[in-house]
Amino acid sequence: MINIDDIEKIMLVVDKFDVSHFEFQQEKSKIIIEKNRIHETKINEPYKVETKVFESEIEKNINEEVQYFKEENIEKEYIKAPFPGTFYSSKEQGEEAFVNLYDEIEDDTVVGLIEAMKLFNEIEAGVQGTIIDVLVKDGDFVEYGQPLFEIKWNN
């Protein structure tokens with residue numbers, strides 16, 4: 001089996017000599033390195049595992065998100081916990097969250113639930129805008145006044 005250290009060494013050599021395609025097989029593991037991506041497949045095993053890294057796609061996505069936040073004079077607002085308790089992002093485990101990153105929300109949009117003393121309380125946004133950051137995870141305990149979401153405020 002090919003270990004991570006071996007893969008790193010191979011990648012350094014391939015990068016150093018600007019090789020565009022490289023294949024290597026050892027026992028039940030095989031690695032194929034092409035410019036800007038890596039494939040690793042285990043052969044003759046019940047499940048095939050493939051790992052792909054597309055550096056240019058990752059960089060593109062990061063650059064798009066950075067540009068989104070670089071807007072000048074962005075007005076931010078926070079949706080805060082009205083009381084302490086356990087935060088839930090959906091009604092039941094496994095269901096879709098009430099809201100997600102980059103969702104447009106209205107004043108009355110339910111953004112989550114907080115359980116306090118076995119009572120589940122809906123948390124409404126209280127502001128119009130776009131969710132630009134989710135600051136808590138499902139099941140996190142939150143304190144009174146703790147920010148839950150960061151909102152890009154719509155005028």
Side-chain angles (χ1 to χ4, degrees), residues 1-11 26-34 36-155:
M1 181 157 193
I2 302 171
N3 66 40
I4 297 295
D5 292 333
D6 292 337
I7 294 172
E8 289 176 347
K9 290 175 186 174
I10 292 169
M11 288 175 61
Q26 180 182 27
E27 297 172 6
K28 294 181 180 180
S29 297
K30 181 177 182 179
I31 185 167
I32 301 171
I33 300 176
E34 294 181 24
N36 291 333
R37 65 178 165 193
I38 301 171
H39 298 275
E40 180 182 346
T41 306
K42 295 180 181 178
I43 302 171
N44 298 327
E45 298 211 6
Y47 299 100
K48 289 187 176 183
V49 177
E50 292 187 14
T51 305
K52 299 177 183 179
V53 177
F54 299 100
E55 291 174 3
S56 61
E57 284 296 315
I58 292 171
E59 288 175 6
K60 179 182 171 188
N61 290 341
I62 289 171
N63 289 336
E64 286 175 0
E65 286 195 24
V66 167
Q67 187 61 35
Y68 183 81
F69 293 110
K70 280 188 173 179
E71 295 179 20
E72 291 184 24
N73 300 324
I74 186 170
E75 293 187 43
K76 296 181 200 175
E77 187 75 36
Y78 293 91
I79 300 173
K80 297 179 181 179
F83 43 83
T86 304
F87 175 81
Y88 295 101
S89 59
S90 61
K91 280 191 177 186
E92 292 188 25
Q93 190 174 14
E95 284 189 9
E96 188 174 334
F98 290 106
V99 292
N100 294 300
L101 195 59
Y102 307 121
D103 281 358
E104 295 287 327
I105 58 170
E106 299 293 325
D107 292 334
D108 60 349
T109 303
V110 175
V111 296
L113 300 173
I114 293 183
E115 177 189 7
M117 299 187 321
K118 302 292 181 191
L119 295 175
F120 289 86
N121 301 281
E122 290 185 344
I123 307 304
E124 291 185 353
V127 65
Q128 293 180 351
T130 305
I131 297 175
I132 59 173
D133 200 2
V134 179
L135 304 171
V136 292
K137 296 178 187 157
D138 189 54
D140 281 357
F141 183 82
V142 295
E143 298 288 340
Y144 168 77
Q146 178 179 343
L148 306 173
F149 298 92
E150 185 175 10
I151 308 300
K152 176 184 167 192
W153 188 49
N154 292 343
N155 296 334

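Under the side chain to side chain contact (heavy atoms under 4.5 Å, CB included) criterion, E92 pairs with E95, not counting sequence neighbours.
For the pair T130 and D103, the minimum side-chain heavy-atom distance is 4.5 Å or more. Contact of the V99 side chain with the F149 side chain is registered, since non-hydrogen atoms from C-beta on lie closer than 4.5 Å.
Screening residues 76-86 for side-chain hydrogen bond (donor to acceptor under 3.5 Å, both in side chains) gives K76-E150, Y78-E150 as the qualifying pairs, with residues at least two apart or on separate chains.
A97 and S90 get closest at one heavy-atom pair: CA-CB, 4.0 Å.
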Pairs under 3.5 angstrom only: tabulate donor-acceptor contacts from the side chains of residues 105-120 to other protein residues two or more places apart or in another chain.
from, atom 1, to, atom 2, distance (Å)
E106, OE1, Q128, NE2, 3.1
D107, OD1, V127, N, 3.3
D107, OD1, Q128, N, 3.4
T109, OG1, E106, N, 2.8
T109, OG1, E106, O, 3.2
E115, OE1, Y88, OH, 3.2

Please table the atom pairs, donor to acceptor, closer than 3.5 Å between any side-chain atom in residues 137-148 and protein atoms at least two apart or in another chain.
from, atom 1, to, atom 2, distance (Å)
D138, OD1, S89, N, 2.7
D138, OD1, S89, OG, 3.3
D140, OD2, K137, N, 2.9
Q146, OE1, E143, N, 3.0

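Taken from CD1 in I79 to CD1 in I131, the straight-line distance is 6.0 Å, to the nearest 0.5 Å.
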